[in-house]
Amino acid sequence: MPPKKPKKSSAGSKGKDKKIQSPAAHDWELSNQDHPEDIFPMVLTSATQELFDCVADEDVTGESPYKLLEKDDIIQDIKTRAAVSDFSPVKQIVLDYPEDELLLVYDRDFTYGQSFYLVLTPDAKDRILNPPKPETPEVFEKEVVKTPEPKPWISFGSDKEIDEEAFKESREKLLYKFSRVRRKFGVPVCFSDRNTADYLECASYQDSRFSIKQMQRDCGMQAVPRLQSSSAQTQWKFQKNIFTQYTPRELSVEEKENILQLESLKTFCNSVTPRVLQALQQEGIMNVFFDDWKALGTATEDGDWAGKVSEGLMLYQAFTDQKYTKDKKICSVNWHPTIYGVIAVALTAKKEDQLNESAVRASFILFYTFSDPSNPQLLLECPDDIFAFEFCPSDPNIIVGGCINGQVVLWDISAHVTGLQGTQPGKKVSVNTDTCDFHQDLDDNKENKTPIVRYCAVSALDSSHKAPITDVQWLPATFEVTRTGLPVENMYNVSTQVVTCSPDCTIMFWDVRVSNLLSHSASERRQIMDQKTPYSVPDTFKHLDRTWKPLFRVSLPKIDTSGEYAPLKFNMEHYTCNANENGDSSKVIPDYSQLILPSAKTLKALEDVNTKLYIGTEDGEIIYIDWKLGKDDSGRLQSAKPLHCFSIHHWLVNTVQRSPFFKDIILTAGSWNFAIWKEGVMDGPILLSASSEQVCTVGCWSLSRPAVFFIGKEDGSIEVWNLLEKTNEPVQVHSHVTNAKITCIKPWAASSKQHFLAVTDDLGMVRVFEIPKTLYVPSRSESLNVKKYFELEEDRLKDLLRREELWEKQKETEGLKKRTEPDKPVTSLVENEEANVKEYNDYLMLEENVLKGMGLWRAPADTQDT
Amino acid sequence: MAGTEHEEVEETLKRIEAHKGVIGTIIIDAEGIPIRTTLDNSTTVLYARLLRRLTMNARSIVRDIDPQNDLTFLRIRSKKHEILVAPENDYLLIVIQNPCE
């Protein structure tokens with residue numbers, strides 16, 4: 001076999017054994033081809049293929065790719081077709097071919113680049129056609145069955161590597177042995193001097209060859225698992241399988257019978273029975289185990305006897321600000337619903353000042369916090385004095401207020417809430433200064449200037465009230481109202497609607513959401529678009545500013561006469577809907593600027609909402625009216641007539657408030673007395689206080705005790721009433737809490753241990769009192785007792801009315817009787833006379849008969865016998 | 001004769017059972033096995049087992065304090081019922097009553 005030479009073929013060395021002969025015979029262009037030199041790849045056109053019967057995939061296939069072609073045929077083809085013939089490149093070779101047949105191989109896989117190749121030498125042809133058979137193929141198969149035997153190692157070049165790495169001696173070691181001559185051993189040494197310059201020194205020097213740092217070192221490592229064997233064995237000391245299954249012992253029926261007849265049992269029964277009967281009877285009479293002492297005490301006495309327990313209201317803090325509260329009175333106060341210790345007060349100018357007002361002074365709502373009693377933390381700028389304002393129950397950053405000129409104002413304080421929260425007791429006040437500086441002018445370098453928040457939106461002047469707004473309330477988040485007053489389901493579960501009332505005899509319902517723009521006229525729309533909010537005003541309610549119109553109006557026509565009532569305060573029932581409880585966990589406050597007023601048709605109407613309002617008027621009447629608009633005769637939407645009207649108070653009504661514990665008990669205060677009403681009892685108040693000497697200016701229920709409420713008076717005193725203790729006079733009177741009239745009282749439960757009462761007066765001061773424990777911890781079953789009391793009062797009222805009717809009737813009948821009295825005695829006398837006469841006649845007859853019988857009859861004078 | 005004695009016991013127990021509010025009565029012998037009962041079997045067994053143990057305990061307390069004293073009556077007041085237990089002569093009478101209020 002010729003030695004192997006490196007091949008140039010790219011794809012050609014798979015499988016087949018290629019042997020290249022010396023290129024001497026074929027030294028023309030074949031020597032540089034990338035295929036073996038004894039074959040020639042060529043393309044055969046389909047005509048040529050047909051001519052030579054070697055059509056691809058028909059005559060020659062992948063399995064039998066060999067086709068022998070006659071040399072003469074090829075020569076003939078070359079002659080006939082000359083240059084066109086496919087064989088023209090190999091013309092010379094074919095002519096030189098020694099044999100008669102040439103081998104054409106169908107190269108299916110394009111191994112040499114073309115679909116056919118022609119074998120050029122007979123030797124190659126032989127080789128291809130008769131490939132040398134593989135030696136001993138059978139033996140190979142047999143060997144698989146036998147166990148593998150060790151084979152001699154075939155070197156693949158790795159021994160060279162090992163040789164290179166191995167350390168071998170390249171030359172023999174040189175051995176130099178120095179020794180002294182033997183005869184000089186033991187001979188005394190003699191030292192002599194020598195000149196050092198004669199010597200050649202071999203000084204040591206630093207050879208850089210030996211200062212190479214070894215950068216890489218081969219290191220052999222073997223990871224060996226650390227084996228540690230350990231064992232554990234529990235000791236089962238007492239090997240016992242335990243199980244228990246029992247049944248109670250029972251006696252059979254005969255045994256029972258036997259025992260039942262025993263003498264001992266009989267004695268037992270006899271002796272035991274009296275005791276048992278006595279015990280049973282005791283139980284029937286009373287509860288022997290009832291602890292009277294414990295039941296006597298209230299819940300407050302559970303262990304809190306430490307020191308003095310103060311009975312009355314203790315002053316906790318007083319708030320006033322010289323700059324803003326000068327000559328102003330406070331009309332309304334509210335606690336911030338979520339932040340601890342923040343009170344907001346609305347200041348209005350006093351009446352005298354109002355008339356003299358030529359220049360408009362800025363009006364503010366002040367926010368005080370517990371940590372800073374003399375400086376307000378936040379100011380809300382109002383277009384005019386505010387009489388009433390409220391925090392939105394769903395989002396305490398939204399505040400709605402009613403102005404003295406009848407407009408409704410909205411604020412958004414979300415930018416300043418952190419400032420308010422930062423002034424909690426115990427926290428640093430530095431947070432406040434940062435928010436302060438944010439909105440200030442450059443020349444205002446005073447530290448701690450209170451931030452002023454401008455209002456976001458006011459209602460349109462022509463569609464607001466014509467008189468000051470005296471009461472503002474948010475509708476609870478559980479329902480909302482449509483344009484006709486129909487209560488429908490609230491999709492967002494936030495309070496979005498506001499109700500205002502004013503002595504111009506209307507109550508208006510407003511909605512803070514974006515309403516349908518189509519309802520606005522073109523000029524208004526332009527106005528909305530052109531409006532640029534001033535810097536630093538949040539644009540939560542930009543859509544409402546100056547174009548806000550109420551949803552609908554409720555007017556209050558008088559029941560009996562013409563004219564209308566002028567409401568001052570009102571109250572509606574809070575509607576709680578059970579279906580919304582599952583939404584409480586995801587309390588996401590929606591962005592108010594994105595809420596859109598839904599069309600009334602898409603919302604589900606709620607049937608069981610109480611749509612009736614209790615209203616207190618200027619003239620002291622309490623009206624009960626339904627706010628739903630009904631249709632009158634002409635088909636227009638009209639307010640219904642009030643259902644009831646009572647003139648209980650003689651002057652302005654200043655409080656109409658529902659009890660936080662009973663949703664049908666309402667406290668109203670006005671003029672010189674106050675009254676408690678029950679919704680549904682249409683005959684009058686169930687409790688009416690006696691007229692006091694001072695005007696009752698405000699009343700409010702306690703937040704934690706159902707029976708306690710507070711009344712503020714004109715002389716600055718506060719009365720604490722407890723319905724379960726005394727109903728004819730207050731339990732406590734704190735006289736002269738302030739020097740001026742008390743204008744507002746608001747309680748607040750800051751925590752379970754701290755209850756506050758904010759009291760505001762005419763001088764602009766806010767006093768916060770701490771309610772003592774006795775007044776805010778309810779007594780045992782107080783709610784039940786109060787309820788019973790109210791029911792009693794209701795019955796008493798009904799009874800009283802019934803009796804009054806009865807007396808009326810009796811009076812009428814008495815009157816009738818009196819009128820008919822002169823006739824009666826005459827008739828009766830005549831009757832009596834007749835009866836007497838008849839009797840006398842009968843007696844005479846009897847006398848006559850008897851005397852006749854006795855024979856003593858003497859005929860009397862004939863005067864009587866007629 | 002045996003029948004009349006039986007009758008007496010029955011009659012006595014009937015007086016107790018007829019009282020207002022009585023839910024059931026059980027008589028237990030010295031070993032705690034119910035002899036006569038007006039309740040169903042499982043309840044009877046439960047009451048018998050538990051109350052016998054309690055009565056034994058109570059009696060031992062009373063006698064520990066004063067050996068010449070003895071337990072005459074045991075009354076357990078619960079929210080729903082009142083249980084009266086009268087031990088005497090190795091027997092135990094249990095009455096369960098519903099309080100009237």
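Here is the naming used below: chain letters follow the sequence lines, and residue numbers restart at 1 for every chain. Keep in mind the model is a prediction, meaning the values are calculated, not measured. These values consider heavy atoms only, across backbone and side chains, with no hydrogens, waters or symmetry-generated copies.
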query = Are the side chain of B:R36 and the backbone N or O of A:E257 linked by a donor-acceptor pair below 3.5 Å?
reply = no
request  = Select one option (side chain, backbone, both, neither) describing which atoms of B:R15 are under 4.5 Å from chain A's heavy atoms.
outcome  = both
task = Mind ranking A:R249, A:E250, A:Q281 by heavy-atom pairs under 4.5 Å with chain B and telling me who comes out on top?
result = A:R249
ask   = Non-hydrogen atoms of chain B under 4.5 Å away: do they reach the side chain of A:S264, the backbone, both or neither?
value = both
message = So which residue, B:N98, B:D90, B:T72, B:V95, ends up with the most heavy-atom pairs under 4.5 Å with chain A?
response = B:T72
request  = Kindly say whether B:E8 contributes a backbone atom to a donor-acceptor pair with the side chain of B:T12 at under 3.5 angstrom?
outcome  = yes
ask   = Okay, side chain of A:R275, backbone of B:F73: is any donor-acceptor separation there less than 3.5 Å?
value = no
request  = For the pair A:D795 and A:K798, find out whether any cationic side-chain nitrogen is under 4.0 Å from an anionic carboxylate oxygen.
outcome  = no
remark   = Under 4.5 Å to a heavy atom of chain A? For B:L92 that would be backbone
key: Heavy-atom donor-acceptor pair, A:W701 side chain to A:Q657 backbone, under 3.5 Å   = yes
Most contacts with chain B, counted as non-hydrogen pairs under 4.5 angstrom, among A:L280, A:V272, A:V276, A:L251 = A:L280
B:I27 side chain reached by A:L265 side chain, heavy atoms, under 4.5 Å = yes
inquiry  = Counting only non-hydrogen atoms closer than 4.5 Å, does B:E88 touch chain A with its backbone (N, CA, C, O), its side chain (CB onward), both, or neither?
reply    = both
Per-residue contact mode, B:N41 against chain A (heavy atom under 4.5 angstrom) = side chain
message = Once you measure the plane-to-plane angle for A:F674 and A:W721, does it fall in the parallel (<30°), tilted (30-60°) or perpendicular (>60°) bin?
response = perpendicular
inquiry  = Could you check whether any side-chain heavy atom of A:E729 comes within less than 4.5 Å of a side-chain heavy atom of A:E719, counting everything from C-beta outward?
reply    = no
message = Taking side chain as everything from C-beta outward and backbone as N, CA, C, O, which of these in A:E255 sits under 4.5 Å from a heavy atom of chain B? Side chain, backbone, both or neither.
response = neither
remark   = In terms of heavy-atom pairs under 4.5 Å with chain A, the winner among B:E31, B:K20, B:R49 is B:E31
key: Part of B:I35 within contact of chain A (heavy atom distance under 4.5 Å)   = both
query = Considering only heavy atoms, which portion of B:V85 lies under 4.5 Å from any heavy atom of chain A: side chain, backbone, both, or neither?
reply = neither
